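Predicted, not measured: the structure shown is a model, and the values here were computed from it.
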2 protein chains.
Amino acid sequence: MTAHHPEQGSGDGAAQLAHELRDAITRLNRRVRQARPVGDLTIAQLSALTSLELAGALTPRELADLERVQPPTMTKIVGRLEEAGLVQRAPHPTDGRQVILSATERGRVVYAQFERSRDQWLAQRLSELTGPERAALAAAAEILQRVARG
Amino acid sequence: MTAHHPEQGSGDGAAQLAHELRDAITRLNRRVRQARPVGDLTIAQLSALTSLELAGALTPRELADLERVQPPTMTKIVGRLEEAGLVQRAPHPTDGRQVILSATERGRVVYAQFERSRDQWLAQRLSELTGPERAALAAAAEILQRVARG
DNA sequence: CACGTTCGTTAGCTTAACTAATGAGCATGG
DNA sequence: CCATGCTCATTAGTTAAGCTAACGAACGTG
């Protein structure tokens, strides 16, 4: 089940490692994500709010690309977030077609709350590990973030 | 951005690590999962088929618990998988209320195909890393799997 | 054997996702 | 300088996924 020879062979090693990592990621994500609405926000809404908060300001198109959904889908999600007062639409300064989306102050507060609660389960689990295990995960986290963004 | 002192303080360290890991996991999962239907199967269907294939045989209730959805939701998903000929329902040998779900031969073939294609993107990314980086991820993968199952 | 519990399903609703089509605004070429 | 074409966001319409509530069948126990 574990990786026996991670250093030898970047071909098969990578395939085997990819399988293990994806399995772990899939399972962890199921634990962390909460498929159903969390509080008043759904996953898609929270995810969009997160991307928006991290980026600062985006057009609907950019946000849709980030979330890997089609523009009409993002229109709906943003519409609900706007109704909830968490996101605001502003006209683009020079291009009349485009719209600038940003989180409202309330949106930022709500985002921070969910961010914390989302980390709680995992933080609890991690605190049960040994120091070396946490160190191993910390080293991996940096690499994973790089892979995820690449 | 990286974890500076993973060994000191299991409290704050775990919180910070949890945040970084969750971020990486969320992003990786978005890359890997493809939110929209893959081929003819949706994510929920593929996920249920995966759980069923891994477990061998399950009742709808057990499968719903594994997938962290409510029983009625699983009824629908299994219904579609059954229509597609990937999953079969069988009566429980002793309990007339219960149903035994299992993947059909075709379901197993389809599962294996998706499993491979799902790993491809990640395997490609991993092959671009250095040997030590892959070794670090391999060590982390084992720990992550343990955390995810715990 | 009657009563409560568990199991799976059905019914009805909301959200999320897609494609196709629409309308507004930009930009460019004659 | 304006007509044509393109991009942006949205609307319309469909399918899937998720929920709760309610139901009928089967089990088990007092």
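Within the 4.0 Å cut-off from OP1 or OP2 of D/dT10, at least one side-chain nitrogen or oxygen of A/Arg89 is found. Contact check, B/Thr59 against C/dC7: no side-chain N or O comes under 4.0 Å of OP1 or OP2. B/Arg80 has a side-chain polar atom (N or O) that falls below the 4.0 Å cut-off from OP1 or OP2 of D/dA17.
Put simply, the side chain of B/Arg125 never gets that close to the backbone of A/Ala148: no donor and acceptor are under 3.5 Å apart. Checked by atom type and distance alone, the side chain of A/Arg108 pairs as donor or acceptor with a backbone atom of A/Ala103 at under 3.5 Å. Not one N or O on the side chain of B/Ser51 forms a donor-acceptor pair closer than 3.5 Å with the backbone of B/Ala48. In this structure, B/Thr59 contributes its side chain and B/Ile100 its backbone to no donor-acceptor pair below 3.5 Å. Distance alone, capped at 3.5 Å, places no donor-acceptor pair between the B/Arg61 side chain and the B/Pro71 backbone.
When heavy atoms are screened at a 4.0 angstrom cut-off, A/Pro72 is found touching base atoms of the nucleic acid. Counting non-hydrogen atoms under 4.0 angstrom, A/Pro71 reaches a base of the nucleic acid.
Between A/Met74 atom CE and D/dT10 atom P there is a gap of 11 Å when expressed in whole angstrom units. To the nearest angstrom, P of C/dT15 lies 8 Å from CD of A/Gln45. Atom CD1 of A/Ile77 is separated from atom C1' of C/dT15 by 9 Å (rounded to the nearest Å). Computed from coordinates, the B/Asp65 CG to C/dT6 P distance equals 14 Å when rounded to whole Å. Rounded to whole Å, the distance from CG on A/Leu63 to P on D/dT10 is 11 Å. As a whole-Å value, the separation of A/Glu67 CD from C/dA17 C1' is 13 Å. The separation between B/His92 atom NE2 and D/dG28 atom P is 10 Å, rounded to whole Å. When rounded to the nearest whole Å, the span between CD1 of B/Ile43 and C1' of C/dT15 equals 17 Å.
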Worksheet entry | Pair A/Leu122-B/Leu17, side-chain contact (heavy atoms from CB on, under 4.5 Å): steps then yes or no | CA-CA 9 Å; A/Leu122 187 54; B/Leu17 178 54; over 6 Å; no
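A/Arg89 pairs by the salt bridge (charged side-chain N to carboxylate O under 4.0 Å, His left out) definition with A/Glu82, not counting sequence neighbours.
Nearest to the side-chain atoms of B/Thr75 among the listed nucleotides D/dC19, C/dG8, D/dA9 stands C/dG8. Closest approach to the B/Thr73 side chain among D/dG18, D/dA9, C/dA17 is made by D/dG18 (side chain taken as heavy atoms from C-beta onward).
A heavy-atom distance below 4.0 Å to DNA chain C is reached by these residues of residues 95-104 of chain A, ordered by number: A/Asp95, A/Gly96, A/Arg97.
Residues B/Pro60 and B/Lys76 each lie close to DNA chain C; by heavy-atom proximity, the contact nearer the 5' end of the strand is made by B/Pro60.
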